[in-house]
Amino acid sequence: MLYKSNLDLPLEIRTELSEAYQDLYRAAFNSALHWYGEDTKAHHVALSAVRIQSAMERNVVLQR
């Protein structure tokens, strides 16, 4: 299911992430869902996008 707005996101995502990260999660999830066709895979991709963006904003070099 594609998320049309941040209000459609799961409660866990809405309460844990800022509005900007919710936007990023939603965009990444929708794109990954279109690409892979699996909710679980799309969720993992979206969380990875949030983690990477968060790390970049904190000037942290990811190990991996």
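Contact record, Val45 with Ala28: CG1-O, 4.4 Å, taken as the closest heavy-atom pair. Val50 approaches Leu24 most closely through the heavy-atom pair CA-CD2, 3.8 Å. Contact between Leu7 and Arg14 at its shortest, heavy atoms only, is O-NH1, 2.8 Å.
Side-chain contact between Leu9 and Leu17 is absent, with no heavy-atom pair separated by less than 4.5 Å.
For Tyr21, the side-chain hydrogen bond (donor to acceptor under 3.5 Å, both in side chains) partners at least two apart in sequence or on another chain are Glu57. Under the rule for a side-chain hydrogen bond (donor to acceptor under 3.5 Å, both in side chains), the partners of Glu19 that lie at least two apart in sequence or sit in another chain are Asn6. Under the salt bridge (Lys or Arg N to Asp or Glu O under 4.0 Å) criterion, Asp23 pairs with Arg26, not counting sequence neighbours.
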#### Entry: side-chain contact (heavy atoms from CB on, under 4.5 Å) between Trp35 and Lys41, intermediate numbers included
CA-CA 10 Å; Trp35 186 259; Lys41 180 77 170 181; over 6 Å; no
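Ser48 contributes a side-chain N or O that, together with a main-chain N or O of His44, makes up a donor-acceptor pair within less than 3.5 Å.
By the rule that hydrophobic residues join a cluster once side-chain heavy atoms approach within less than 4.5 Å of another member, Phe29 and Met1 end up as members of one cluster.
Remark: Tyr36 OH to Ser31 OG distance equals 9.0 Å, nearest 0.5 Å. We find the CG-OH distance between Asn30 and Tyr3 to be 8.5 Å, quoted to the nearest 0.5 Å. Residue Met56 holds its CE atom at 15.5 Å from CZ of Arg51, rounded to the nearest 0.5 Å.
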